[in-house]
Amino acid sequence: MGPSIQALIAAAASFVVITLIFAIMLLFCKRTYKPPTYRTRAVNRPQPNRCSDLSSIALFDSASFDPSLSQISMSELIDATDNFSTDKIIGDGSFGFVYKAKLSSGVTVAIKKLDKDAFQGFREFRAEMETLGKLRHGNIVKIFGYCASGLDRVLIYEFVENGSLDQWLHDTSRNDDVDGSKQLNSLCPLSWETRVQIVRGVANGLAYLHGLEKPIIHRDIKSSNVLLDSDFEAHISDFGLARRIDTSHSHVSTQVAGTMGYMPPEYLGGNTAATVMLDVYSFGILMIEIATQIRPNLPVVLDGQEVGLLEWARTMEARNKEIEMVDSNISREELSEAGVREYFRIACMCTNEKSRERPAMSYVVQLLDELVA
Ligand SMILES: Nc1ncnc2c1ncn2[C@@H]1O[C@H](COP(=O)(O)OP(=O)(O)OP(=O)(O)O)[C@@H](O)[C@H]1O
């Protein structure tokens, strides 16, 4: 009798111990599991910690928006997108999906529906409406209208036919032939001439933003925020992090945000006073990315060692090996040595460690005009 009671107690004790171990493991897994995500926007994204935060930012004053922008009803957007059907998705940004749709007027637009639970989404909506909503320039994407219904916020843009530069540079599926064989289509890879034209367009758009009476810092210049129209003309998009500088100041104090690989050293070091030189640096990195077809956050091998893209580009430039840096898919006959050298010289000027020594975008436009000529 005695041993069987002991055996029972031992069995019960082991059951309790095993259950406890399982419970602890479950708890641990729940805490550490993070769903996979390919959204990589802000390095420092403010999160709502009180309900009032969300409701105060959710309220908006449409009086500060440009009156020429159309306010579009949610029912029209639901009709145009088949109730935001996944078939209509053309992109996925940090704050929601982007849909392609035709409005009842017949205009084709890109519709960005901001995630309802994203606090930053409401800020993005306001920032876009209050900056981009008032801008008119050939190298800046046009906002067509908006929809604010309950907690839903939707931004409606002109549709830019050739999508983002990022896709043209890095999305290899674009090169897949129908039967899956890797055959480059006639536009891929982008020619050197087209790349220089795109760079010039972005420079022109930035020079416009920085030259406004109250300059605008974009703060997130990168290849996925450059859209290409049917003529491969560049249109700067995504003004969710943009800030206006007051006329009496040369900077704006703000939280550090942006995309890794494109942010200047002074900003990464925690300096929260953002100036237009922040965009100049990101633009220089973008120039290197466009020429080399290498993502700025990936390491490059130099003399058998992995280094950052910028360090590699600077070293190669110092060794007069600019042509070797150019994407190997571009025919060498297309390249002029002097032109490529000047291209990288401009990129290196823009990415100077010292922000004060970077050139103004208006001067960069001048240099690029001479390069094109
Ligand atoms: N006006 C537009 N016309 C055509 N395509 C667009 C337009 N706006 C956005 N897209 C597509 O949707 C994608 C997502 O855009 P979005 O600005 O939301 O995010 P992102 O810039 O790619 O990423 P993140 O938000 O992390 O910076 C773009 O890369 C582009 O392919």
Side-chain angles (χ1 to χ4, degrees), residues 36-45 69-70 72 77 80-81 84 86-103 107-116 118-125 127-129 131-133 135 137-147 153-174 198 201-202 205 217-242 256-263 279 282 285-286 289-290 295-297:
T37 172
Y38 45 97
R39 293 180 181 176
T40 55
R41 157 80 72 122
V43 285
N44 190 358
R45 187 190 301 185
L69 297 175
S70 320
I72 295 165
L77 295 179
T81 58
F84 297 99
T86 48
D87 296 345
K88 303 266 181 185
I89 293 176
I90 51 165
D92 178 14
S94 305
F95 304 119
F97 290 113
V98 180
Y99 304 80
K100 179 183 176 185
K102 202 178 232 183
L103 298 179
V107 185
T108 302
V109 289
I111 296 174
K112 191 192 273 188
K113 187 168 187 282
L114 303 172
D115 287 342
K116 233 186 262 184
F119 172 76
Q120 187 80 352
F122 291 105
R123 289 179 158 225
E124 163 129 345
F125 180 79
E128 293 246 1
M129 292 302 294
T131 53
L132 182 58
L135 304 178
H137 187 271
N139 295 110
I140 308 281
V141 74
K142 281 182 200 63
I143 199 154
F144 181 86
Y146 65 97
C147 168
R153 294 289 177 272
V154 188
L155 291 157
I156 299 132
Y157 306 88
E158 65 169 352
F159 178 72
V160 188
E161 298 84 345
N162 271 321
S164 76
L165 170 63
D166 169 78
Q167 291 165 329
W168 283 92
L169 293 177
H170 308 297
D171 181 359
T172 45
S173 64
R174 257 177 202 276
I198 293 168
V202 178
I217 317 175
H218 183 282
R219 297 209 300 156
D220 204 13
I221 290 298
K222 57 176 175 177
S223 55
S224 68
N225 286 341
V226 174
L227 301 174
L228 302 174
D229 67 19
S230 51
D231 296 323
F232 285 88
E233 197 54 60
H235 298 250
I236 300 173
S237 73
D238 204 346
F239 281 67
L241 294 179
V256 173
T259 302
M260 291 306 278
Y262 297 89
M263 287 194 286
D279 286 344
S282 310
I285 297 286
L286 178 73
E289 179 187 3
I290 291 176
R295 282 193 189 276
N297 56 350

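Just so it is clear, the values below take in all heavy atoms, side chains as well, and ignore hydrogens, waters and symmetry mates. For ligands, and for the atoms within them, numbers begin at 1 and follow the listed sequence.
- No donor-acceptor pair closer than 3.5 Å links the side chain of Glu128 to the backbone N or O of Phe125.
- In this structure, Glu161 has no heavy atom closer than 4.0 Å to ligand 1.
- Atoms of ligand 1 found under 4.0 Å from any heavy atom of Gln167, numbered from 1 in the order shown, are 31 (O).
- The two atoms that bring Asp238 and Lys112 nearest to each other are OD1-NZ, 3.7 Å, heavy atoms only.
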Review point. Can you check side chain to side chain donor-acceptor pair (under 3.5 Å) on Asp220 and Thr259, steps first, answer last?
Key: CA-CA 7 Å; Asp220 204 13; Thr259 302; 2.8 Å; yes
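- Contacts between Lys100 and ligand 1, counted as non-hydrogen atom pairs separated by less than 4.0 Å, are absent for every part of the residue.
- Heavy atoms of Ser224 found under 4.0 angstrom from ligand 1 belong to the backbone as well as the side chain.
- Closest approach of Lys88 to Thr81, counting heavy atoms only: CG-O, 3.6 Å.
- Near Gly91, meaning under 4.0 Å from any of its heavy atoms, are these atoms of ligand 1: 12 (O), 13 (C).
- Taking a cut-off of under 4.0 Å to the non-hydrogen atoms of Lys222, the atoms of ligand 1 that pass are 24 (P), 26 (O), 27 (O).
- Under 4.0 angstrom from ligand 1, the non-hydrogen atoms of Val160 come from both its backbone and its side chain.
- Closest approach of Ala234 and Val202 over heavy atoms only: CB-CG2, 3.8 Å.
- Residue-ligand proximity, Phe159 to ligand 1, at heavy-atom distances under 4.0 Å covers atoms 3 (N), 4 (C).
- The closest approach between His235 and ligand 1 stays at or above 4.0 Å for every heavy atom of the residue.
- Taking every heavy atom of Tyr157 and a limit of under 4.0 angstrom, the matching atoms of ligand 1 come to 1 (N).
- Considering backbone and side-chain N/O atoms, Ser237 never comes within less than 3.5 Å of an N/O atom of ligand 1.
- Under 4.0 Å from ligand 1, the heavy atoms of Lys112 that appear belong solely to its side chain.
- One option in Asp92, Val98, Leu114, Leu227 has a heavy atom closer to atom 30 (C) of ligand 1 than any other, and that option is Leu227.
- The nearest pair of heavy atoms linking Phe159 to Thr108 is CB-O, 3.5 Å.
- For the residue pair Tyr262 and Ile221, the shortest heavy atom distance occurs at CD2-O, 3.3 Å.
- For ligand 1, the atoms lying closer than 4.0 Å to a non-hydrogen atom of Ala110 are 1 (N), 2 (C), 3 (N), 7 (C).
- Looking at Asp166 and Arg295, a side-chain N of the basic residue comes within less than 4.0 Å of a carboxylate O on the acidic one, giving a salt bridge.
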